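Order of the sequence lines fixes the chain letters, A, B, ..., with proteins taken first and strands second; residue numbering starts at 1 for each chain. Bear in mind that the values here come from a model prediction, so they are computed numbers and not experimental data.
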Protein chains: 6
Amino acid sequence: MKDILIENFIKQALLEDMPYGDITTDNLIDEFNSTKGYFVAKENGVIAGINILKRVFTIIDNNIKFNCFFDDGNKVKKGDIILEIIGKTRSILSGERLALNIIQRMSGIASYTKLFVDKLKEFPIRVVDTRKTTPNFRIFEKEAVLFGGGYNHRFNLSDAVMIKDNHIEASGGIKNAVTKIRKGIPHTTKIEVEVENIEMLKEALEVKADIIMLDNMSLDMMREAVKINNHQAIIEASGNMTLDRVYDVAKCGVDIISVGAITHSYRSLDISLRFKI
Amino acid sequence: MKDILIENFIKQALLEDMPYGDITTDNLIDEFNSTKGYFVAKENGVIAGINILKRVFTIIDNNIKFNCFFDDGNKVKKGDIILEIIGKTRSILSGERLALNIIQRMSGIASYTKLFVDKLKEFPIRVVDTRKTTPNFRIFEKEAVLFGGGYNHRFNLSDAVMIKDNHIEASGGIKNAVTKIRKGIPHTTKIEVEVENIEMLKEALEVKADIIMLDNMSLDMMREAVKINNHQAIIEASGNMTLDRVYDVAKCGVDIISVGAITHSYRSLDISLRFKI
Amino acid sequence: MKDILIENFIKQALLEDMPYGDITTDNLIDEFNSTKGYFVAKENGVIAGINILKRVFTIIDNNIKFNCFFDDGNKVKKGDIILEIIGKTRSILSGERLALNIIQRMSGIASYTKLFVDKLKEFPIRVVDTRKTTPNFRIFEKEAVLFGGGYNHRFNLSDAVMIKDNHIEASGGIKNAVTKIRKGIPHTTKIEVEVENIEMLKEALEVKADIIMLDNMSLDMMREAVKINNHQAIIEASGNMTLDRVYDVAKCGVDIISVGAITHSYRSLDISLRFKI
Amino acid sequence: MKDILIENFIKQALLEDMPYGDITTDNLIDEFNSTKGYFVAKENGVIAGINILKRVFTIIDNNIKFNCFFDDGNKVKKGDIILEIIGKTRSILSGERLALNIIQRMSGIASYTKLFVDKLKEFPIRVVDTRKTTPNFRIFEKEAVLFGGGYNHRFNLSDAVMIKDNHIEASGGIKNAVTKIRKGIPHTTKIEVEVENIEMLKEALEVKADIIMLDNMSLDMMREAVKINNHQAIIEASGNMTLDRVYDVAKCGVDIISVGAITHSYRSLDISLRFKI
Amino acid sequence: MKDILIENFIKQALLEDMPYGDITTDNLIDEFNSTKGYFVAKENGVIAGINILKRVFTIIDNNIKFNCFFDDGNKVKKGDIILEIIGKTRSILSGERLALNIIQRMSGIASYTKLFVDKLKEFPIRVVDTRKTTPNFRIFEKEAVLFGGGYNHRFNLSDAVMIKDNHIEASGGIKNAVTKIRKGIPHTTKIEVEVENIEMLKEALEVKADIIMLDNMSLDMMREAVKINNHQAIIEASGNMTLDRVYDVAKCGVDIISVGAITHSYRSLDISLRFKI
Amino acid sequence: MKDILIENFIKQALLEDMPYGDITTDNLIDEFNSTKGYFVAKENGVIAGINILKRVFTIIDNNIKFNCFFDDGNKVKKGDIILEIIGKTRSILSGERLALNIIQRMSGIASYTKLFVDKLKEFPIRVVDTRKTTPNFRIFEKEAVLFGGGYNHRFNLSDAVMIKDNHIEASGGIKNAVTKIRKGIPHTTKIEVEVENIEMLKEALEVKADIIMLDNMSLDMMREAVKINNHQAIIEASGNMTLDRVYDVAKCGVDIISVGAITHSYRSLDISLRFKI
């Protein structure tokens with residue numbers, strides 16, 4: 001269950017950040033001292049990770065309380081108070097850094113994803129993520145993409161087929177590859193084929209690939225691909241999809257645009273914990 | 001031992017990316033097929049993580065071989081072949097994404113850090129990281145900072161003292177805080193105090209703080225702080241240290257500049273695995 | 001990676017069976033004593049789990065050697081020597097029970113699956129498993145199904161959608177359910193709908209479900225369903241599929257028959273380790 | 001503590017069945033929706049695993065409530081409602097399969113064991129299990145044997161001595177083997193010796209083995225063995241003990257009959273979760 | 001398997017002692033530098049833990065070599081070289097403390113145990129340990145007892161029955177307690193009863209307890225107990241068994257003397273690693 | 001977080017002591033039976049570990065209650081009731097041994113440490129521990145030292161530098177070693193140098209080592225070292241610091257005395273759980 005994964009992850013991260021306790025706080029802050037703090041957005045963006053943040057603190061101290069003024073996926077403006085936290089000072093200070101490290105990254109991804117989504121709002125198209133995520137942090141990064149209005153691609157190498165160059169070459173062509181793998185995989189699994197030109201596209205269509213990825217194609221070629229496909233397979237465009245370029249790609253009529261940068265090159269959203277406001 | 005941490009991390013990440021195997025590769029690539037691949041830089045930067053990359057593949061398959069043309073910390077130019085990998089096609093394809101996810105991030109951090117370091121090369125100063133790292137990935141990110149020419153700050157809340165606002169307030173001032181904590185911590189542990197003005201700095205000096213962090217100070221105030229300190233404590237400047245600003249900060253004479261962005265807002269360096277060159 | 005899962009599973013099982021060693025063997029058998037043993041089939045069946053068996057012993061003792069006379073998926077007859085094992089007596093005796101517990105169960109499943117597959121060999125149809133597996137042993141049981149000539153259904157609740165009664169009711173009908181979930185899941189994920197009658201089938205077809213499960217239908221209704229479907233969706237028959245009944249079900253023209261019993265009610269295949277033959 | 005083992009096992013199994021959540025339920029069922037369900041026996045048998053079932057759901061959701069109409073070890077008839085479950089629909093649907101996978105297996109074992117026990121009710125004899133259990137699931141299977149009226153044999157290779165062929169041969173006879181091992185093991189550990197004929201039995205008695213296992217003996221030989229033993233050692237009969245044969249074996253006067261089949265070749269008891277009754 | 005437990009324990013302990021590496025050694029000692037070291041006894045005693053020590057180093061670095069001059073269980077004199085270690089300086093320095101922490105403690109226990117054993121060498125009696133061990137270190141401490149010439153008592157609360165005051169009281173007397181528990185436990189498990197006087201002893205004998213522990217009895221009472229027992233049960237003496245007192249206790253004719261102090265109050269044997277001799 | 005480490009440790013230790021339950025208690029004590037017990041000091045000493053003891057029981061059973069009459073760090077006299085425990089008899093009996101094993105060891109350390117501290121009470125000096133702790137139990141042993149009035153040295157090889165013989169030799173002298181390592185470590189980390197004579201001390205002072213350890217020096221040499229140091233570095237005396245000798249060492253004017261024996265050769269304090277008083 002996702003909850004168990006998240007709990008394990010947080011406990012491991014708390015051990016990373018304070019294996020033998022928070023020696024400053026444990027020595028200087030009285031055990032029974034309580035306080036109130038405010039998580040404040042220091043720039044505009046889309047917030048993501050509020051529930052994880054709450055989980056971090058309740059794992060440290062089950063008596064911490066929260067008042068939330070925003071939900072995951074909401075837009076925030078510089079200066080907005082995202083949520084209020086009330087509880088023991090020690091617990092709040094000890095969890096502050098981990099909670100911020102998670103919510104800042106998730107919000108950074110959501111905000112960056114939202115930029116792509118907003119660019120394409122006139123099209124019936126999905127912005128999706130890739131497997132280019134931080135190792136062992138994928139579950140958080142993929143959830144952040146959803147809060148930014150994006151969608152997820154396959155989670156890992158076990159849950160969907162993606163046939164690339166090497167697979168095609170080793171199998172003697174797309175037709176052979178798709179035919180062979182269809183015999184081995186569960187009937188519940190989709191097959192995606194990566195193609196570089198129109199000929200490959202036609203071959204993939206012939207063997208009824210569920211999804212066809214157009215890899216680094218020109219706009220002209222993508223337009224032709226969409227036309228030839230004629231709604232048979234789902235068409236995914238991929239390869240260096242920047243904010244500058246996605247509008248033109250979308251206009252070609254593809255169904256999906258996958259963007260590695262939203263998980264591999266995002267900036268953290270600036271959020272801080274303040275004790276006075 | 002760091003090696004045990006790294007091995008555990010990689011195994012966990014392999015499970016994240018292929019819990020029940022790589023269904024495409026396992027079905028299409030013959031078990032005994034071998035190949036040769038090349039990790040190629042697709043932009044200029046500083047490479048970091050070669051040893052981790054090798055570890056990823058040897059955990060999957062102990063017979064994989066490498067020829068390395070660069071060392072961690074070396075500069076690479078677009079098009080450079082970083083290393084050659086030889087072994088079973090299955091093993092190479094299955095580990096490709098995880099290996100790239102790590103080396104791209106570590107190289108991204110090293111490259112970004114190097115920009116700061118190069119800006120300050122005329123000063124006897126350190127660029128250091130912070131605890132603003134990706135949860136459970138800290139060990140890799142902090143090592144990447146070193147390869148970029150930077151230095152590490154404390155690893156976690158257990159290995160050094162950092163006295164901030166809340167601690168000062170709860171203790172009734174810097175003097176009380178430092179005096180109290182010195183009685184509690186091992187004699188092997190340093191004490192850092194975060195100050196916002198000259199008065200606080202003087203108080204921290206009076207109780208012989210080992211390190212004083214100037215938090216979000218103006219350049220003028222930093223210059224004055226350095227002068228008053230007169231080489232007693234180590235002086236660390238902190239707070240939104242951007243590439244634009246660090247040169248001026250360094251000129252104030254501080255010893256250390258800590259930069260959160262090198263670990264919380266870096267772009268991955270574009271590196272790819274090619275089978276033909 | 002599957003290998004890491006398997007290694008973890010075996011180590012845990014070795015701890016279950018000898019937390020503080022095998023006190024009989026450790027006290028009575030000389031450390032340097034070597035022997036040869038034979039894994040022998042004591043009844044007819046399909047063998048599965050040879051590679052796992054080898055893994056059990058090499059985890060205990062890396063110097064154990066094997067000569068295999070059969071491959072996973074082969075039929076064996078009573079009395080056949082499946083493989084020969086050579087190495088330290090201690091290592092062989094200590095791993096014997098765990099190795100047999102795994103290979104007997106996997107072979108039991110493969111043999112039982114094979115009975116279904118053989119019944120249906122004249123049809124272009126798949127016998128598939130379900131999620132009715134022994135907790136934490138699924139990876140082995142699902143692999144055994146493959147060796148018996150069967151196929152796998154989805155691995156878990158995360159990798160494919162299966163819409164049942166409760167989901168349909170909570171969503172206000174099949175159409176709403178499928179439409180709603182299609183908006184939430186990755187484009188790489190298939191949707192299966194469980195239907196109990198022809199009306200539901202039509203509704204599922206209308207919203208283009210990828211797979212339709214006919215739940216506990218009469219033969220007549222299944223025939224009608226196949227006709228109406230007319231190769232649009234994949235048709236899966238389910239519900240108490242016994243050896244007696246599957247031939248008639250297959251004749252209805254369905255694509256898939258899922259059988260819970262092959263993983264929830266199999267007998268172990270009788271295999272023993274003999275030191276003399 | 002057994003509880004910790006059970007909790008770890010369940011959490012691992014939940015991760016096996018929904019690593020990234022139950023995508024159907026999470027997308028279609030409202031988070032706050034509640035329901036009531038009934039676990040119903042679909043055939044006659046002995047129920048076992050109710051407490052484990054409850055543990056599965058409370059690990060998922062601490063607020064789920066139960067009304068139990070039967071206790072572990074009770075007989076149920078087809079159609080009996082075993083227990084009622086009330087709580088969030090999401091939590092119930094997500095835990096359903098794991099809970100059933102455990103209770104069906106445990107009840108299958110208890111029911112099968114009960115058949116043996118009932119056959120022998122006129123004798124002062126124990127039906128006991130073996131180490132032929134599903135790897136890492138032993139604790140559940142052995143508990144189910146108890147609920148079926150059976151008893152447990154040793155739990156693993158560390159907690160009791162069992163001297164077999166190979167040990168005897170390597171030690172130069174039963175006398176040497178028992179004498180040698182008695183010197184090495186704690187005084188709190190019993191010694192069982194496996195014998196194939198009367199001569200071996202006598203040797204085992206001479207060195208005061210605590211338990212003597214008659215391995216695959218004829219009824220005549222077992223009768224003789226019981227007579228010679230004359231209540232000195234505990235006498236255990238073993239080797240292909242089927243329902244057909246155990247009555248005659250019991251009549252020979254042995255103390256214990258160990259039956260591998262109750263854990264290695266049981267059928268799951270058919271139990272289902274219904275939302276309407 | 002014990003080996004897996006030991007490996008897990010050592011890896012965990014290495015992480016305890018160098019979570020992010022050995023910063024002194026890693027920075028000052030060249031990666032390829034090799035050296036030779038000597039583990040030297042600095043006082044007389046019995047050595048125990050040589051194999052564990054070797055395991056510590058080979059987990060760190062598989063290429064380290066050893067020349068052993070003593071075996072576990074041997075007596076050493078002040079100044080004796082126990083073993084020689086050859087390999088990378090880094091690996092030796094990084095494992096030194098953990099290896100010493102284990103071998104010094106195990107040798108301390110073996111040496112202390114040996115004092116008891118030597119005192120009693122004229123009697124056919126066992127000195128045994130208790131469950132008063134360091135949490136999670138029991139496996140090592142119990143093995144050390146064996147190397148000192150002692151024997152082990154039960155390993156834990158699961159592998160043998162020990163009926164004490166509270167159990168007796170809650171069951172309404174020894175007879176009831178033994179009768180009741182005999183019905184619940186495997187036939188492979190022994191029953192020990194703790195008695196405080198002759199009347200209790202008689203009751204325990206009546207129900208054929210396997211082992212009777214004489215708890216804190218006077219020498220006179222122990223002599224009487226041994227006489228009454230007349231070789232029916234195993235007689236264990238317990239309660240503040242000091243070196244001063246055990247000879248007199250042994251003379252009473254008991255079979256077993258259990259000594260908590262050998263695991264709860266031992267001194268480490270002084271052993272050091274020298275690089276020059 | 002320390003709490004997570006402690007919880008993991010206790011759960012692991014409970015599994016060590018009762019992998020399949022406490023078979024005596026589980027069979028003889030009614031599930032709903034409650035009782036009251038008293039932890040009693042059986043000798044004079046300093047109590048440490050009360051909070052850990054409470055944690056052990058609440059992990060077993062969250063409903064157990066306590067009345068504490070002493071705090072960690074308090075002196076107790078023979079016969080004192082340390083705390084009262086109220087709850088289910090089963091839970092109390094099952095946790096008794098582990099709880100005692102921890103509190104007896106921690107109190108043994110605290111009591112032994114206190115002897116050193118009391119000897120030196122007229123001096124402004126610290127008694128500190130070393131890394132000579134029981135593997136994986138360090139966190140408890142180091143906390144016990146604090147409760148005995150002592151202080152902690154570095155926690156592990158990662159959090160402070162300690163330059164010894166081998167490091168010095170490999171680096172070509174103290175000056176080179178300190179200079180080299182200072183360039184590699186964080187500015188938050190202290191450097192300690194181990195010296196054997198006055199010349200080495202001077203060299204260490206020259207390069208401003210933070211801490212200088214006088215290793216096995218004579219009293220005369222220590223006095224000279226203190227004089228030469230003249231409050232520049234922290235001076236730590238080390239090497240066979242016995243109760244007999246520490247007073248004279250302290251008189252030399254050192255700042256710190258590190259004592260291995262308080263963690264490697266302590267006796268457990270005798271504490272027992274009584275059900276009647």
Side-chain angles (χ1 to χ4, degrees), chain C residues 9-10 12-13 16-30 33 35 89 93-94 97-98 100-102 104-105 108 131-139 156-167 170-171 177 180-181 183-185 189 260-261 264-268 275, chain D residues 9-10 12-13 16-30 33 35 89 93-94 97-98 100-102 104-105 108 131-139 156-167 170-171 177 180-181 183-185 189 260-261 264-268 275:
Chain C
F9 182 89
I10 291 174
Q12 207 178 328
E16 180 189 59
D17 199 32
M18 39 182 162
Y20 317 114
D22 173 350
I23 56 171
T24 312
T25 298
D26 294 351
N27 276 291
L28 293 182
I29 306 292
D30 185 86
N33 196 276
T35 195
T89 313
L93 288 177
S94 293
R97 186 73 267 142
L98 175 59
L100 284 172
N101 280 346
I102 295 176
Q104 287 180 327
R105 278 171 174 74
R131 284 170 44 247
K132 296 176 180 177
T133 55
T134 312
N136 292 323
F137 196 55
R138 182 173 287 173
I139 198 171
N156 55 48
L157 294 170
S158 303
D159 66 18
V161 167
M162 169 85 83
I163 300 176
K164 303 193 174 191
D165 287 34
N166 285 68
H167 304 113
S171 315
K180 186 175 174 195
I181 204 162
K183 282 186 195 143
I185 59 170
T189 307
H264 73 55
S265 291
Y266 58 90
R267 284 191 322 98
S268 287
F275 290 91
Chain D
F9 183 89
I10 291 174
Q12 208 178 328
E16 181 190 59
D17 198 33
M18 41 183 160
Y20 317 114
D22 173 351
I23 57 172
T24 313
T25 298
D26 294 351
N27 276 290
L28 293 181
I29 305 292
D30 184 87
N33 196 276
T35 195
T89 311
L93 288 175
S94 293
R97 187 72 268 142
L98 175 59
L100 284 172
N101 280 347
I102 295 176
Q104 287 180 328
R105 277 169 175 76
R131 285 169 44 246
K132 296 176 180 176
T133 54
T134 312
N136 293 323
F137 196 54
R138 181 171 290 172
I139 198 170
N156 55 48
L157 294 169
S158 303
D159 65 19
V161 166
M162 170 87 83
I163 300 175
K164 303 192 175 193
D165 286 35
N166 286 67
H167 303 113
S171 316
K180 187 177 172 192
I181 205 163
K183 283 186 193 140
I185 58 170
T189 307
H264 73 55
S265 291
Y266 57 89
R267 288 191 317 100
S268 288
F275 290 92

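- Here the shortest heavy-atom pairing between D:Phe9 and C:Pro135 reads CZ-O, 3.5 Å.
- Neither the backbone nor the side chain of D:Thr35 comes within less than 4.5 Å of any heavy atom in chain C.
- Under a 3.5 Å cut-off, the side chain of C:Asn101 and the backbone N or O of D:Arg131 do form a donor-acceptor pair.
- Among the candidates D:Ala170, D:Ala13, D:Ser158, the residue making the largest number of heavy-atom pairs closer than 4.5 Å to chain C is D:Ser158.
- Residue C:Leu157 holds its CG atom at 10.5 Å from CD of D:Glu16, rounded to the nearest 0.5 Å.
- With a 4.5 angstrom heavy-atom cutoff, C:Ala261 does not touch chain D via any of its atoms.
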Report the C-alpha distance between C:Arg138 and D:Asp17 in whole Å, list the side-chain angles of each, state the deciding distance to 0.1 Å, and finish with yes or no for side-chain contact (heavy atoms from CB on, under 4.5 Å).
CA-CA 9 Å; C:Arg138 182 173 287 173; D:Asp17 198 33; 2.7 Å; yes

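- Looking at C:Ile10, there are no atoms closer than 4.5 Å to chain D (heavy atoms on both sides), in backbone or side chain.
- Using a 4.5 Å heavy-atom cutoff, the side chains of D:Asn166 and C:Phe275 are in contact.
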Walk me through it: do C:Leu28 and D:Lys180 pass the test side-chain contact (heavy atoms from CB on, under 4.5 Å)?
CA-CA 7 Å; C:Leu28 293 182; D:Lys180 187 177 172 192; 4.0 Å; yes

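- If you measure heavy-atom distances from C:Asn136 to chain D, the contacts under 4.5 Å come from both the backbone and the side chain.
- Looking only at distances, no side-chain donor or acceptor of D:Asn156 sits under 3.5 Å from a matching main-chain atom of C:Pro19.
- Per-residue counts of heavy-atom pairs under 4.5 Å with chain D were compared for C:Leu100, C:Thr133, C:Leu98; the largest is that of C:Thr133.
- Within the 3.5 Å criterion, the main-chain N or O of C:Ser265 finds no donor-acceptor partner in the side chain of D:Ser268.
- Taking chain D as the reference chain and counting heavy-atom pairs below 4.5 Å, the highest number among C:Ile163, C:Asn33, C:Ile139 is found for C:Ile163.
- Among C:Asn27, C:Ile29, C:Ile181, the residue with the largest count of heavy-atom pairs under 4.5 Å with chain D is C:Ile181.
- Contact of the C:Arg267 side chain with the D:Arg267 side chain is not registered, since no non-hydrogen atoms from C-beta on lie closer than 4.5 Å.
- Looking at C:Thr25, C:Thr89, C:Thr24 one by one, the single match for side-chain hydrogen bond (donor to acceptor under 3.5 Å, both in side chains) with D:His167 turns out to be C:Thr25.
- A search for side-chain hydrogen bond (donor to acceptor under 3.5 Å, both in side chains) contacts involving D:Thr134 returns C:Arg105, D:Glu141, not counting sequence neighbours.
- Ranked by heavy-atom pairs under 4.5 Å with chain D, the first of C:Ile102, C:Ile185, C:Leu93, C:Asp30 is C:Leu93.
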